[in-house]
Amino acid sequence: MSKQGFTTRQVHADRLLNHPEHGAIHTGTTNSVLFAFEDVQGLIDVFQGKQAGHVYSRSSSGSVVALQTMLSELESGIGGVCFATGMAAISSTFLSLLKAGDHIIVSQYLFGNTRCLMDTLCDLGIQISFADVTSVEEVKAVYQPNTRMVFTETVANPVTQVADVRAIGQFCAEKNVLFILDNTMTPPPLFSAQETGASLVVTSLTKYVSGHGNVLGGVVVDLGNYDWQSYPNISDGYKVADTTQWGLTQIKKKGLRDMGATLAPGSAHAIATGLETLALRMARNCHNAMELATFLHNHPKVAHVYYPGLADHPQHFIARDILDNGYGAILSLDLAEDIDVREFLNALALVISATHLGDNRTLALPVASTIFFENGPQERAKMGISEGMIRLSIGIEDTQDLIADFAQALDQFGN
């Protein structure tokens, strides 16, 4: 399959990778909590990891394993673990791999929920340094002998700062620390985390991968770039024969089995079918975002547009280097000072005021008073978030209809 194009591989992934029964093109939904064994030795062997199989659907099911196989193929990885949400994937990965006294370096531009998780990790005795990930020198400056990992989003939400992922990946390789990328905003085929040397990639499947705003899910994929034999926090009981699987085994056992944020089989099926059109949807999302960003950038009633595809974006050249098929579909803007943000959003007729991103529909919300309200004005300012910022998640509508909606809304506010 690797010689074929991305969309071809994804459309046929379930059929060719998982071989569904009875000639089906989708893996069936496994609606069973328990799994029976005619020979009890089989049950024992699966429990002890001596053979593959399912014993209890909190830990695994056929539907979820099929999705994991497809997502690993998507990222050119060596395996993956799915969770009930993207935040579950992130938190379970951290809590599985870190111990009190460890130090991690994370982006200072993290999305609100992930940023709040960092406070929880601090409460558990994990040391955290926040860094400006647009510069590898800023990451190097906070490195410590007990640093275990570097974590960043590829493109930040909502101000769209672009991490210098190639340079960070090289630095992590030199220091032999884990490099974990949240690739929710720029899934393949936009960006290849594999090529940056990243160790693990986490993704909220709720967003672009499923695309339709009807299911929650998350995944962590091991890209095969890290030697787990050198990681000090792997428990002896999880050091399986295949050393490349040590990290995922510990995440499965501690993060999924013990913490229990299991992806339901029905959700796995919905995500798998949404995945088939990912490349087509992302192409339209990105096209619309670029066209709308250009329109807003040139509009006199818009003070600033934050979008990596614009030439004046601070990390435009990094984005141009790492992104292959578009600059993503998230953009933010500041309106002219005399325009009330709430009145403007209410004036939009087509665009939906809602929290979410990666949907087929274009969404908008006021950032400071919603998703980053808990962070407070000082922390928002450090992240580059203005008090009047609007975040847009661009959908797949007809381009001119989107532009017309923003034009009519802006026309309602003076000359």
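In this structure, a donor-acceptor pair under 3.5 Å is absent between the side chains of His313 and Gln161. No hydrogens or angles considered: a donor-acceptor pair under 3.5 Å links the side chains of Ser63 and Thr30. In this model, a donor atom of one side chain and an acceptor atom of the other lie less than 3.5 Å apart for Asp242 and Thr244. With 3.5 Å as the limit, one finds no donor-acceptor pair spanning the side chains of Asn157 and Tyr109. No hydrogens or angles considered: nothing links the side chains of Asn375 and Arg115 as a donor-acceptor pair under 3.5 Å. Side chains of Lys207 and Ser204: a donor on one and an acceptor on the other come within 3.5 Å. His103 and Ser129 are linked by a side-chain donor-acceptor pair at a separation below 3.5 angstrom, with hydrogens and angles left out of the test. Checked by atom type, the side-chain pair Asp334/Tyr306 shows a donor-acceptor distance below 3.5 Å.
For Phe179 and Phe171, the distance between ring centers is not under 6.0 angstrom. In this structure, Phe406 has its ring center no closer than 6.0 Å to that of His299.
One finds no salt bridge joining Asp102 and Lys99 here, because no Lys/Arg side-chain nitrogen approaches an Asp/Glu carboxylate oxygen to under 4.0 Å. The residues Arg284 and Asp398 are annotated as salt-bridged, a charged nitrogen and a carboxylate oxygen being separated by less than 4.0 angstrom. A salt bridge between Glu137 and Lys140 is present, with a side-chain N of the basic residue lying under 4.0 Å from a carboxylate O of the acidic one.
The local environment of CD in Glu21 is sparse, with at most 12 non-hydrogen atoms from other residues, nucleotides or ligands closer than 6.0 Å. Remark: Phe6 CZ is packed, more than 12 non-hydrogen atoms of other residues, nucleotides or ligands lying under 6.0 Å away. No more than 12 heavy atoms of other residues, nucleotides or ligands shown are found within 6.0 angstrom of CZ on Arg342. Atom CD of Glu397 sits in a crowded spot, with more than 12 heavy atoms from other residues, nucleotides or ligands closer than 6.0 Å.
Under the side-chain contact (heavy atoms from CB on, under 4.5 Å) rule, Leu363 has a single partner from Ile352, Ile330, Leu357, which is Ile352.
Residues Ile25 and His12 have side chains not in contact (no heavy-atom distance under 4.5 Å, counting atoms from C-beta outward).
In terms of modelled atom types and a separation under 3.5 Å, the side chain of Thr160 and the main chain of Ala156 share no donor-acceptor contact. With Thr294 contributing its side chain and Met290 its backbone, the two residues share a donor-acceptor pair below 3.5 Å. Looking only at distances, a side-chain donor or acceptor of Arg361 sits under 3.5 Å from a matching main-chain atom of His212. Judged by distance alone, with hydrogens and angles left aside, the side-chain atoms of Thr186 form no donor-acceptor pair with the main-chain N or O of Gly328 at under 3.5 Å.
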- side-chain contact (heavy atoms from CB on, under 4.5 Å) between Asp164 and Gln315, worked out: CA-CA 9 Å; Asp164 192 1; Gln315 293 86 48; over 6 Å; no

- Any chance you could lay out the side-chain contact (heavy atoms from CB on, under 4.5 Å) test for Trp246 and Tyr231, step after step, and finish with the verdict? CA-CA 9 Å; Trp246 285 8; Tyr231 193 69; over 6 Å; no

- Message: Could you walk me through whether Thr93 and Val81 satisfy the side-chain contact (heavy atoms from CB on, under 4.5 Å) test, starting with their C-alpha distance in whole Å, then the side-chain angles of each, then the deciding distance to 0.1 Å, before giving a yes or no?
- Response: CA-CA 10 Å; Thr93 297; Val81 184; over 6 Å; no

- Task: Evaluate the ring-ring contact (aromatic ring centres under 6.0 Å, His included) criterion for residues Phe151 and Phe94: first the C-alpha distance (whole Å), next the side-chain angles of each, then the deciding distance (0.1 Å), finally the verdict.
- Result: CA-CA 10 Å; Phe151 173 75; Phe94 282 133; 5.2 Å; yes

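Relative to the six-membered ring of Phe413, Lys301 misses at least one condition, a distance below 6.0 Å or an angle of at most 45° to the axis.
In terms of the side-chain hydrogen bond (donor to acceptor under 3.5 Å, both in side chains) criterion, residue partners of Thr154 (sequence neighbours excluded) are, by chain and number, Asn183.
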